[in-house]
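It should be emphasised that the depicted structure is a prediction, and the values quoted were computed from it without experimental measurement. Below, read A as the first sequence line, B as the second, and so on, with proteins coming before strands; counting in each chain starts at 1.
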Amino acid sequence: MPELPEVETVRRTLAPELEAAVVRRVDMRSRDVVGRPDAETFAAELAGSRFTGAGRRGKYLLLPVAPGPRVLVVHLRMTGRLVLAGPEDPEPPHTHVVFQLEDGRLLRFADVRRFGRLYLYEARELPADVAEAAGAGASGRTAAAGPDGSPGLFTLGPEPLSRRFDARLLGERLRGRKAPIKAVLLDQRVVAGLGNIYVDEALFRAGIHPARPAGDLAPDETRRLVREIRSVIRQAVERRGTTLSDYVDGYGRPGSMGPHLAVYGRSGEPCRRCRGPVEKIRVAGRGTHLCPRCQPARREGHWKVN
DNA sequence: AGATGATCCTGTATGC
DNA sequence: TGCATACAGGATCATC
């Protein structure tokens with residue numbers, strides 16, 4: 001499932017290709033993948049427009065569009081793909097939107113489950129940091145959460161790799177929370193871009209049980225958590241993301257982080273640290289992978305480490 | 001207010 | 001063998 005590293009990889013592959021790509025027309029196969037405006041307006045507005053690059057904020061891919069500044073916002077959700085293709089490349093199944101470019105190339109949005117969404121915004125309608133991440137020029141005023149469109153885009157927490165995301169900030173966000181730490185880390189308002197895979201991996205690396213109440217984490221655990229979130233995200237970006245079944249980059253290539261995952265998808269297999277079996281449980285309604293020996297359910301022992 | 005559960009969607013895996 | 005059901009999950013909405 002595309003999380004921050006996967007979306008970042010798509011961004012990196014598309015950015016140089018879309019620096020000056022004029023859209024000839026937009027083929028709309030499934031109207032319901034367009035979140036805003038309505039599908040007809042969306043297609044009409046983009047025909048004749050020009051992509052000028054690619055940015056990212058959290059799991060949102062941001063394609064700046066001229067004239068504008070406007071931004072095509074894409075959320076791939078679980079199985080969405082945004083892939084650039086030559087005119088002769090066969091069309092993959094479940095293709096919902098095709099941007100035909102003037103030079104003959106095609107930018108295709110495909111999604112088996114049709115959970116992914118495309119949105120078109122004026123840059124000035126977006127929060128300033130989102131417009132800036134899009135590279136659409138910090139055109140200014142923040143509109144309140146979009147009435148239609150994607151509210152999540154308007155309430156994103158800090159980027160995990162930014163300086164702003166540190167132990168003090170995370171500690172403040174965890175204080176008093178009884179929800180499982182995993183649920184809090186999945187909340188995009190707390191930190192932007194983590195999903196099920198990298199939350200499980202970061203908690204394993206930090207030696208923290210996913211079901212621990214968030215407010216019970218000791219300060220050194222919070223520090224470890226920040227460090228491990230950053231390290232696993234950084235490594236996954238380097239490895240161009242994790243491909244378990246669907247994810248591919250902007251050229252249709254898989255990522256190579258999969259074999260480096262320590263717990264996700266490894267239930268029953270030996271823990272890489274202690275050789276005990278990796279378990280799969282349910283936390284916050286999500287399939288959750290952990291090593292119960294390396295990630296004790298209670299705090300004991302933790303302050304000795306570090 | 002904050003947390004939990006249902007919902008969307010379909011391919012894949014499991015169960016009988 | 002074949003069919004039915006469960007499951008996967010990001011974000012949103014309704015309901016405790």
Side-chain angles (χ1 to χ4, degrees), chain A residues 1-8 10 29-36 56-62 73-82 92-97 109-119 127 130 144-157 159-160 172-203 210-216 233 236 241-248 254 258 261 263-268 278-290:
Chain A
M1 315 89 234
E3 305 179 26
L4 189 157
E6 290 74 30
V7 180
E8 173 62 18
V10 175
R29 314 278 167 76
S30 315
R31 315 159 32 85
D32 58 347
V33 300
V34 177
R36 116 177 202 147
R56 180 195 57 77
R57 181 77 172 83
K59 301 175 195 171
Y60 291 89
L61 191 63
L62 310 169
V73 177
V74 181
H75 199 304
L76 301 173
R77 282 289 187 66
M78 274 118 49
T79 51
R81 304 171 169 212
L82 197 62
H94 309 289
T95 295
H96 306 303
V97 182
F109 174 72
D111 187 350
V112 178
R113 276 169 235 190
R114 276 191 282 134
F115 282 6
R117 287 290 178 276
L118 313 181
Y119 313 88
V130 174
D148 43 6
S150 177
L153 183 60
F154 292 81
T155 55
L156 289 174
E159 288 287 318
E172 281 169 21
R173 304 292 264 131
L174 302 187
R175 191 171 306 140
R177 303 274 310 255
K178 291 177 186 165
I181 180 62
K182 166 157 181 170
V184 177
L185 295 178
L186 285 172
D187 186 341
Q188 303 298 300
R189 295 170 298 186
V190 174
V191 54
L194 302 184
N196 212 32
I197 295 176
Y198 298 117
V199 165
D200 283 2
E201 292 297 313
L203 287 168
R212 294 259 312 275
D216 286 0
I233 292 295
T242 300
T243 297
L244 297 177
S245 52
D246 295 278
Y247 162 73
V248 291
L261 300 180
V263 286
Y264 192 92
R266 296 191 67 243
S267 64
V278 171
E279 276 186 12
K280 183 173 183 183
I281 62 175
R282 191 154 285 270
V283 176
R286 290 276 148 66
T288 298
H289 311 74
L290 76 155

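For A:Arg177, the listed nucleotide lying nearest its side chain is B:dA3; candidates were B:dC9, B:dA3, C:dG10. Closest to the side chain of A:Phe115, from the set B:dC8, B:dG11, B:dA3, is B:dC8. With distances taken from any side-chain atom of A:Asp32 to the nucleotides B:dA3, B:dC9, C:dA8, the minimum falls on B:dC9.
Rounded to whole angstrom, the span from the CG atom of A:Leu194 across to the C1' atom of C:dA11 amounts to 15 Å. Regarding A:Arg113, its CZ atom lies at a distance of 6 Å from the C1' atom of B:dT10, rounded to whole Å. Rounding to whole angstrom units, CG of residue A:Leu186 and C1' of B:dG5 are separated by 15 Å. B:dT4 atom C1' lies 15 Å from atom NZ of A:Lys178, rounded to whole Å. Between A:Leu76 atom CG and C:dA11 atom P the separation is 11 Å, expressed in whole Å. The nearest whole Å value for the distance from the CD atom in A:Glu6 to the P atom in C:dG10 is 11 Å. When rounded to the nearest whole Å, the span between CG of A:Leu153 and P of C:dT12 equals 9 Å. A:Ile281 places its CD1 atom 17 Å from the C1' atom of C:dC7, with the value rounded to the nearest Å.
Within the structure, a side-chain polar atom (N or O) of A:His94 is placed less than 4.0 Å from OP1 or OP2 of B:dG11. Contact between the side-chain N/O atoms of A:His75 and the OP1/OP2 oxygens of C:dA11 is found at a separation under 4.0 Å. Contact annotation: A:Gln188 does not reach the phosphate of C:dG10 (side-chain N/O to OP1 or OP2, under 4.0 Å). For the OP1/OP2 pair of B:dT10 and a distance below 4.0 Å, the side-chain nitrogens and oxygens of A:Arg114 include at least one atom meeting the criterion. The phosphate of C:dG9 has neither OP1 nor OP2 within less than 4.0 Å of any side-chain N or O from A:Lys59.
One distance of note links NE2 of A:His94 with CZ of A:Arg29; it measures 13.5 Å at 0.5 Å rounding. Here CD of A:Glu201 is found 10.0 Å from CD1 of A:Ile233. Values are rounded to the nearest 0.5 Å. A distance of 9.5 Å separates CZ of A:Arg77 from NZ of A:Lys59, quoted to the nearest 0.5 Å.
Checked by atom type and distance alone, the side chain of A:Glu279 never pairs as donor or acceptor with a backbone atom of A:Gly268 at under 3.5 Å. Not one N or O on the side chain of A:Arg31 forms a donor-acceptor pair closer than 3.5 Å with the backbone of A:Val33.
Mapped onto DNA chain C by nearest heavy atom, A:Thr79 and A:Tyr60 fall at different nucleotides, with A:Thr79 at the one closer to the 5' end.
Between A:Tyr60 and A:His75, the angle of the ring planes goes over 60°, which puts this pair in the perpendicular group of the 30/60° scheme.
Using a 4.0 Å heavy-atom criterion, one finds that A:Arg77 contacts the bases of the nucleic acid, with or without backbone contacts as well. Using a 4.0 Å heavy-atom cutoff across all strands shown, A:Tyr264 reaches sugar-phosphate atoms only and no base atom. Counting any heavy atom pair closer than 4.0 Å across all strands shown, A:Gly152 reaches sugar-phosphate atoms only and no base atom.
Taking only distance into account, the side chain of A:Arg286 meets the base of C:dG10 through a donor-acceptor pair shorter than 3.5 Å.
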